[in-house]
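Hydrogens, waters and symmetry mates play no part in the numbers below; they use all other heavy atoms, side chains included. Naming convention: chains lettered A, B, ... in sequence-line order (proteins, then strands); numbering from 1 in each chain.
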Number of protein chains: 2
Amino acid sequence: MDQNSLPPIQTTARDDAVLKALVSFVRAEALQPGERLPTERILAERLKVSRNTVREALTRWEGLGLVERRQGSGTYLKAAVSPDMLHLPLTLAGGSDFTSLMQTLEIRRALEAEAAALCAERASRADIAEIERKLDIMEQAFRTRDGMSSEEDWEFHQAIYRVSGNPLFEQIIAAMHELFHRFWEHPLGVRDFGHASFPYHRTIFERIAARDPEGARGEALKLIATVEDDLKRGAANLKLSSQT
Amino acid sequence: MDQNSLPPIQTTARDDAVLKALVSFVRAEALQPGERLPTERILAERLKVSRNTVREALTRWEGLGLVERRQGSGTYLKAAVSPDMLHLPLTLAGGSDFTSLMQTLEIRRALEAEAAALCAERASRADIAEIERKLDIMEQAFRTRDGMSSEEDWEFHQAIYRVSGNPLFEQIIAAMHELFHRFWEHPLGVRDFGHASFPYHRTIFERIAARDPEGARGEALKLIATVEDDLKRGAANLKLSSQT
DNA sequence: AGTGGTCCAATGGTCCAACCAATTTCTGCA
DNA sequence: TGCAGAAATTGGTTGGACCATTGGACCACT
């Protein structure tokens, strides 16, 4: 490691300065997401600040999802950082009941449709090939395990968001996705949840490959509609089973 | 094997526990945004944790914009808190300001269209009257001041989000709106920014009043399109003026 | 070669006690 | 009464200590 890329800090507003220094460091060392950054003790020593100050700064980055701290192991970069980053902490008041889930789905419907349309507009040949690869993997998993595989399914959707060229899609939908799964886990009833959505993955891909934005938007809307139906059926089951 | 059946165990989570306790406290005391919460020293003593731990927790809340710390004064609540909050740290990285603005607009386009459609589906007579009232106020302001009034314009849109029945629309778009204005202020060129969007406010309202979801969605898309055009013109101006 | 056990150094998490810096509140003098 | 300065309050920073977890090294046994 190049020790010269971590000069000491001077002014007040310490923890902010620490973050700035870290940005420079990450750039200088060309750290990629997943790599480990220096230990808190080393950072404190090099920057000539106390370890607590370093921790305050890292806590902020952790809250923004930029790094992940693993006790006993180290602190790892989770996303690319750049000097001109804009952080928009958005806290939504969302419950974990049926209504809240439907509301997150309405958001996802809107974004999913738009992302699919943008993707159809902007996808290069390589992009299309990449999406098809993810689709094949997903279909393969579906056939062997005879059911939706949330992991591979999610990969497919993420590929679409990425190709849309707007990282906000992935970030917002990922948060919705997480909220959804936090509640879902083992969703009480509806054994074949997501089954109905399966065929629409390929139709979405076909519309994207055909550079048909409106078609892609339409297919995405159909996909979300099937999920909403499943959710309603699950809610009905839940209602029945709780009446015992 | 189903990997989900073995979730990681959780032994220590001090600062998380502190935040939970704070949520309870805020609810118990019915603290409103702007009010001061206990000092770090008192929290540390009452919760039987060290002040450092309290500070880590408060740092997280500060990063999420839930709280504001003023040295020498105290820590103040900045937003309502609830037990089940969904935190969505958005990060706009890399690109120029123009790119960031276009990306927020793409999100807004998706949500605005969906909100308008939902609104057209669900609006009651009273809702429609309320929206029309906001529309009249906006048009009045437009005529007297001969230009878009962001204040009244925003009120009109918010009314639509509210009637959509999904509070997430208003929350997310509000965040985009704020981000947009942080950049915008009075940005260089394009004197009549937003002028072109004016007529679409009434057409959106008409489609809502007619209970025509698809029509409302279409008009909303047109409105955002005019804003995007304005933005592109502004970017062109900016490019020219920066070449001096 | 592989399996499990033990040890140990590294690392993040927590704690403590003090001091610094900004702010607010109180006090005493004019 | 008014107001400048002292004192108390509060968040910000420091340095040092110890705890809990991790992951690798080493070893005994199969």
Residues forming a side chain to side chain contact (heavy atoms under 4.5 Å, CB included) with A:Gln71, sequence neighbours excluded:
none
If the test is salt bridge (charged side-chain N to carboxylate O under 4.0 Å, His left out), which one of A:Arg233, A:Arg108, A:Arg109 qualifies with A:Glu228?
A:Arg109
Does a donor on one side chain sit under 3.5 Å from an acceptor on the other, for A:Asp153 and A:His201?
yes
Strictly below 4.0 Å: does A:Thr75 bring a side-chain N or O up to OP1 or OP2 of C:dG12?
yes
Take the protein atom CG of B:Leu43 and the nucleotide atom P of C:dT14, then report the distance between them rounded to whole Å.
16 Å
Just by distance, do the side chain of B:Glu35 and the backbone of B:Gln32 share a donor-acceptor pair under 3.5 Å?
yes
All heavy atoms of B:Val67 vs all of B:Leu37, minimum pair found to be CG2-CD2, 4.0 Å
What is the distance from CZ of A:Arg60 to C1' of D:dT13, rounded to the nearest Å?
14 Å
Need to verify one output field. Residue with the more 5' nearest nucleotide on DNA chain D, A:Arg41 or B:Arg41?
B:Arg41
Please state whether the phosphate of C:dT11, meaning OP1 or OP2, lies under 4.0 angstrom from any side-chain nitrogen or oxygen of A:Arg70.
no
So B:Thr91 and A:His87, do their side chains get closer than 4.5 Å, heavy atoms only?
yes
Nearest-angstrom distance from the residue atom CD of A:Glu40 to P of C:dT11
10 Å
For A:Gln71 and D:dT21, what is the distance between atoms CD and C1' respectively, to the nearest whole Å?
5 Å
Rounded at 0.5 Å granularity, tell me how far NZ in B:Lys78 sits from CH2 in B:Trp61.
13.5 Å
Within the 3.5 Å criterion, strictly below it, is a donor on B:Arg69 or B:Thr59 matched to an acceptor on the partner's side chain?
yes
Separation of C:dA21 atom P from B:Arg69 atom CZ, nearest Å, is 18 Å
For the pair made of CD in A:Glu45 and P in C:dG12, what is the distance, rounded to whole Å?
14 Å
Tell me: CD of B:Glu56 to P of C:dT14, nearest whole Å?
7 Å
Counting only non-hydrogen atoms, which of residues 16-31 of chain B are less than 4.0 Å from DNA chain D?
none
Any idea which of C:dT14, D:dT21, D:dT10 is nearest the B:Thr39 side chain?
D:dT10
Please produce a list of atom pairs where a protein N or O lies less than 3.5 Å from an N or O of nucleotides 15-17 of chain C.
unit_1, atom_1, unit_2, atom_2, d
C:dC15, OP1, B:Arg14, NE, 3.4
C:dC15, OP1, B:Arg14, NH2, 2.7
C:dC15, OP2, B:Ser50, N, 3.0
C:dC15, OP2, B:Thr53, OG1, 2.4
C:dC15, N4, B:Asn52, ND2, 2.9
C:dC16, N4, B:Asn52, ND2, 2.9

Is it the case that B:Glu112 and B:Tyr161 place a side-chain donor and acceptor less than 3.5 Å from each other?
yes
When you check the phosphate oxygens OP1 and OP2 of C:dT11, does a side-chain N or O of A:Arg36 lie under 4.0 Å from one of them?
yes
